[in-house]
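Take a look at the structure set out below.
Below, each value reflects all heavy atoms present in this structure, side chains not excepted, and no hydrogens, waters or symmetry copies.
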There are 2 protein chains.
Amino acid sequence: MDIVEQIDKINRQLTVNGYKLTPQREITLKVLLENERDHLSAEDVFMLVRQKFPEIGLATVYRTLELLAELNIVQKMNFGDGVARFDLRQEGHDHMHHHLVCRLRLEKEKIQDDWLLELEQRVANEYGFKVTDHRLDFMGVYQTCKNDSKTCKRTGKAVS
Amino acid sequence: MDIVEQIDKINRQLTVNGYKLTPQREITLKVLLENERDHLSAEDVFMLVRQKFPEIGLATVYRTLELLAELNIVQKMNFGDGVARFDLRQEGHDHMHHHLVCRLRLEKEKIQDDWLLELEQRVANEYGFKVTDHRLDFMGVYQTCKNDSKTCKRTGKAVS
DNA sequence: TTTCGTGCAAAGGTTTTGCACCGCA
DNA sequence: TGCGGTGCAAAACCTTTGCACGAAA
């Protein structure tokens, strides 16, 4: 499915829920689609959108992202760095987001494997809890990073 | 291990790292120990500490929590509600934190079972990633909550 | 006209920082 | 004296909100 088709599909989701696909919203979506592999902050999105649509306001970007999150078109995430980050929900991975968060790199890597379906089943059975979404983050260090450096790039402190 | 012993142990951790156990830090620790089962925000901690030590400043609480998080004595968490929350790391559950986050309740329930050791092993093997910590949250609804109400307590909106 | 969406600026809330001061080695 | 730690206030920061305006049904 190419970008035009995806936007078309999302447009229908908006319409069904009584919202319009304004130029601002369309460009915001394009930016999200073009950066599917990143975890963009609202500020990131704002700056990318402004390259294509300089008149846009930051508040509009926030409102658009909030709207898309509410409609479950994007997922709002939090890595503890003080800003919310947004990911387009991908086909076939409706609500699976696993990340490797390396103390030495600043980036995060996604794991796409659905390793958690069995766990969800277990939670449902043992806790009477219907899971609609989950999030799994592993914090740690890549072996390759560890070999490269003994100093954390973020804090400048030595890491064990 | 009672609270005195735990504080004693943490005192040693502080000393080893060149920090002192000031009265402010000790009372902050006591509050955290007395509320192990909650996920207190910095503001929560501040208000509880102030009951025992009215002169304390909010900045000191923030600095103490940051220090404790850095030494891995508390875990800093984020549930997406705009505030960081802090948990004492418990004996025998050094770095395991799983939560059930219900859309209808505001609280979160901890799962203590270590369901993820095998997954960590897998990540280590397949990604060359040494896991030092992980976080797993399940978002969803308790069956009992669903029966009680069709309206979300947080947003006031109907939930499916 | 009515409604929805927007840009701008202001406000809100959380967290961090600057600075003077204090206690202790 | 030197240094770590503190309280207070100000600043910084991200995000939300109020408001007037504009476009579309």
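If you take CD1 of A/Ile56 and P of C/dG5, they are 14 Å apart, rounded to a whole angstrom. Across the protein-nucleic acid pair, A/Arg50 atom CZ and C/dT6 atom C1' stand 16 Å apart, rounded to whole Å. Atom pair A/Leu40:CG and D/dT15:P shows a separation of 13 Å (rounding to whole Å applied). Taking atom CE of residue B/Met47 and atom P of nucleotide C/dT14, one finds them 10 Å apart after rounding to whole Å. Rounded to an integer number of Å, the gap from CD of A/Glu70 to P of D/dT15 is 17 Å. The distance between atom CD of B/Gln24 and atom P of C/dC24, rounded to the nearest whole Å, is 12 Å. Rounding to whole angstrom units, CG of residue A/Asp81 and P of C/dT14 are separated by 18 Å. In this structure, CZ of A/Phe46 is placed 15 Å from C1' of D/dT16, rounded to the nearest angstrom.
When distances run from any side-chain atom of B/Lys20 to the nucleotides C/dG5, C/dA9, D/dG4, the shortest one goes to D/dG4. For A/Arg25, taking side-chain heavy atoms from C-beta onward, the closest of the listed nucleotides C/dG5, D/dG5, C/dG7 is C/dG5. When distances are taken from the side chain of A/Tyr19 to each of D/dT6, C/dT15, C/dG5, the shortest belongs to C/dG5. Side-chain atoms of A/Lys76 lie closest to D/dT16 of the nucleotides C/dG5, D/dT16, C/dT15. The side chain of B/Arg63 lies closest to D/dT6 when the candidates are D/dT6, C/dG5, C/dG7.
Along DNA chain D, the nucleotide nearest to A/Ser41 and the one nearest to B/Leu67 differ in position, and the one closer to the 5' end is contacted by B/Leu67. The nearest heavy atom of DNA chain C to A/Gly18 and to B/Glu66 marks one nucleotide each, and the one closer to the 5' end goes with A/Gly18.
Note on B/Tyr62: a side-chain N or O is less than 4.0 Å away from OP1 or OP2 of C/dT15. Taking side-chain N and O atoms only, A/Thr22 has a distance below 4.0 Å to OP1 or OP2 of C/dT6. For C/dG7, the OP1/OP2 oxygens have a side-chain nitrogen or oxygen of A/Thr60 closer than 4.0 Å.
Distance CG/B/Leu29 to CD/B/Glu34: 11.0 Å, rounded to 0.5 Å.
Using a 4.0 Å heavy-atom criterion, one finds that A/Glu43 contacts no nucleic acid atom at all. Contacts of B/Phe53 with the nucleic acid, taken as non-hydrogen atoms under 4.0 Å apart, involve only primed sugar atoms and P, OP1 or OP2. If you check every strand for non-hydrogen atoms under 4.0 Å, B/Leu58 touches a base. Among the heavy atoms of the strands lying under 4.0 Å from A/Glu55 are primed sugar atoms or P, OP1, OP2 only; no base atom is included.
A/Gln13 has its side chain within reach of A/Ile73: a pair of non-hydrogen atoms, C-beta onward, lies under 4.5 Å apart. Between A/Asn35 and A/Leu48, some side-chain heavy-atom pair lies under the 4.5 Å cut-off. Under the 4.5 Å side-chain criterion, counting only non-hydrogen atoms from C-beta, B/Leu32 is in contact with B/Leu68. No side-chain heavy atom of B/Val31 sits less than 4.5 Å from a side-chain heavy atom of B/Leu33.
Each of A/Thr15, A/Asp8, A/Ile7 was checked for a side-chain contact (heavy atoms from CB on, under 4.5 Å) with A/Leu21, and the lone residue meeting it is A/Ile7.
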